[in-house]
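Scroll down for the structure; my scribbles are underneath it.
For the numbers below, each heavy atom of this structure counts, side chains included, while hydrogens, waters and symmetry mates do not. Chain A is the first sequence line, chain B the second, and so forth, proteins listed ahead of strands; every chain is numbered from 1.
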Protein chains: 2
Amino acid sequence: MRKSFFVLSFLLTSGLLMAQKEDSVFIRAISDDILNNGKAYEYLRQLTKQVGGRVSGSPNMVKAENWGLKTMQDIGADKAWLQECMVPHWVRAGKDVVKAMARGGSRDLDALALGNSEGTGGKYLTAPVMMVGSFEELEKRKEEAKGKIVFFNYKFRNELVQTFQAYSDAVKYRGGAANAGSKNGAVGVLVRSMTHAVGNNPHTGAMRYDSAIQKIPAIAIGIEDADWMSQEISKGTITVSLSSNAHMLPDTIGHNVIAELTGSEFPNEVITIGGHLDSWDPGEGAHDDGAGCVQSLEILRVFRALGYKPKHTIRIVLFANEENGGRGGDKYAEVAQAKGEKHIFALESDAGGFTPRGFGLTAPDDMFAKFMSWQPLIAPYGASDFRKGGGGSDISPLGKTFATPLAGLSPDSQRYFDIHHARSDVFENVNKRELLLGAVNMAALVYLVDKYGM
Amino acid sequence: MRKSFFVLSFLLTSGLLMAQKEDSVFIRAISDDILNNGKAYEYLRQLTKQVGGRVSGSPNMVKAENWGLKTMQDIGADKAWLQECMVPHWVRAGKDVVKAMARGGSRDLDALALGNSEGTGGKYLTAPVMMVGSFEELEKRKEEAKGKIVFFNYKFRNELVQTFQAYSDAVKYRGGAANAGSKNGAVGVLVRSMTHAVGNNPHTGAMRYDSAIQKIPAIAIGIEDADWMSQEISKGTITVSLSSNAHMLPDTIGHNVIAELTGSEFPNEVITIGGHLDSWDPGEGAHDDGAGCVQSLEILRVFRALGYKPKHTIRIVLFANEENGGRGGDKYAEVAQAKGEKHIFALESDAGGFTPRGFGLTAPDDMFAKFMSWQPLIAPYGASDFRKGGGGSDISPLGKTFATPLAGLSPDSQRYFDIHHARSDVFENVNKRELLLGAVNMAALVYLVDKYGM
């Protein structure tokens, strides 16, 4: 009994060791191929320089979809197609202008209308400024807001080491400033940009109007301008003239762009990997989320290059609309449900193409334990920090529909809010090796999920 | 007996927990102060923009020393002084030129004479090129080398995830190409730059001549030019004309710049923290090693700002000469020995101002175990990867002299060889938060060493 136990445990252990060895060899092959022959950086150059910024519903999104589909076909996907979905269609329609007249002189602020906002139809709206540090302050001083342009000067918290925490803390002002202002009779709102970056680069991003509210203009300004306003307001009243042509058009047709490697054993069990193809317009959507798109394409490329035949169906999805609607992810889950597909795992890269630091996973404990057991195989490639909690906006509907375990790549976050939704989100600010290493770590995780299931 | 054991173990455990709590609170205070009020980025702006590149022996080094001393005094060091040491004095003395005449046309290569090399005195040296991939290949084909310019085209290995491994693998060609060429009758050498960066940016760095050897010119070229040469050579002979004014002058006077917070309990037991003040000349020495210098100064600043009174003497040292001699570190250890000081710990930051990933420590096992026990306190600030083996060139003489445990900060290495010894090593390529976070992690480690000893 004891002897057979030892024999059995020897066989199990040696089998496990052999499997681990095989896995580490294959992951090394993935890494070597991507670091030496990877195309993600070249794909990103094409997407950013031949297409550029890609707001949902824009002509650039049509170009980007065609580019994505052709790239998938060129790589050699088993299937590649466009999946139609209706998307919001917001347009900036020209330059946003904010001029401030203060005691110390006047100043042209560096400004970007927030996404989804309604501008002034190009006319100038002039009003005195009321500065507040928070919603709570506005609530206390709400009698003063009527007829004013309310300036929300809430600062990004530098001391939060993980910058996404600072973003979560501050972004409610981008999303909700117009509602809070309008409810109290303000005629427009200005918002301090969601960043702690050096410089005065304004950052746009989605806002929303509550249904019953008067739609007032909502504009982000650079943080040096915000600091200047704050100083000037301490000396006396500031008047601002602002103009924006931004407006929402009727919903239009967009597409998720999808490639598939069909599973050899479980063709109806799907692993989804993706990022979102849409972006804001001031930059080129290089990190947000060109990086996630091209890293996903790189996984398709490297699996083809290494002749890897997945057991499960692997789908690469470039989602149609994340920034101002989440319609791409919704449509993908809806079609999957209608077709009776089984979605066993989804992985998103939507936190920039920076050096990989880890993965987050949202899944039950048994799956999380399995995920943790893979950490030693992946850590040598940089994504060593395996944590609970993760996913991405585009794949979250899969979680709701199928209880699919959801993972997100966690790149280093220190530089992300230097570029997020800003002019600086361009190809030149993406580092080739960092981008490729992200794809290495993602491909390694997908390989392990495909081999062992979740 | 059992009861008193439990009481004792309860007291020990609760004491330990209280100490850990106190440590985590103090480290949080360090982090909050540096991320909100840190000056390292401003110091780096001064060092790079008011001084610039700083080769040992250059007028810029004198400026940098004065700046360092004044900054230390302004921060409020207990003492600050210059420690004289003789340093090598190499000068580039103008533009390095390499023109290649090939079948497909001629090309001006982007070139930088290697540090310590002797140029042509500004005259043109013209000779056919012999390309080799390695020292071994030169050895096999050595009969061909006579009268030629030997071009060492050894490539940085992309597939090595840790870029310092690729550097260690390749840098022997920078250091030894001239000796290998000269020994076989070559009249000059060209070296493919030590980088895998995108672009054609040449990277300089130290080379050395063996004592009995004819000193031939040694010049680094950009990697796109290296690839072009390689292609052209496959089609037929290339002739190169090169010119460089580089030369070595007699040794001159330099200084280590030193600040001290005198220990309250153990004034003769020293903890040294530093980086090297000298740099190569094409850029501004921003990452290499302005970053290490200003992070060290930041530790002095934050300890002063928080009113921290160290038990041990803490020294900040901006070393006089690392790049082409290591004279600063040698002198510092020599003086310490002569004075009978005790050096209990040294920490260097000389791997760039990028996002911190860990620390390496060279120390006996018991000290290493203590170091590992601190990992959970530091990991939340980014430097989670605690490893065996670490230190830095400038502090290594302390290890030899006193068996001092030596640690090195390990920032993320993916971007380092984009800028190392190249024109791109400028302030603009340093990220403020990444730089400050490095200082946070260093200050936390120094605090723990000071409190608990090594």
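For the set A/Arg157, A/Gln162, A/Lys432, A/His196, the entry with the most heavy-atom pairs within less than 4.5 Å of chain B is A/His196. Taking B/Leu436, B/Thr163, B/Leu437 one by one and counting their heavy-atom pairs under 4.5 Å with chain A, the maximum is reached by B/Leu437.
With a 4.5 angstrom heavy-atom cutoff, B/Leu160 touches chain A only via backbone atoms. With a 4.5 Å cut-off on non-hydrogen atoms, A/Val198 touches chain B through its side chain but not through its backbone.
Of the inter-residue distances, the one linking B/Asn158 atom CG with A/Asn37 atom CG reads 9.0 Å to the nearest 0.5 angstrom.
Nearest heavy-atom pair, A/Pro356 versus B/Arg357, reported as atom, atom and distance to 0.1 Å: O-NH1, 3.0 Å.
Heavy-atom neighbours of chain A within the stretch residues 26-36 of chain B, taken at a separation under 4.5 angstrom, comprise B/Arg28, B/Ser31, B/Asp32, B/Leu35, B/Asn36. Contacts with chain A (heavy atom to heavy atom, under 4.5 Å) involve these residues of residues 409-418 of chain B, listed by number: B/Asp412, B/Gln414, B/Arg415, B/Asp418.
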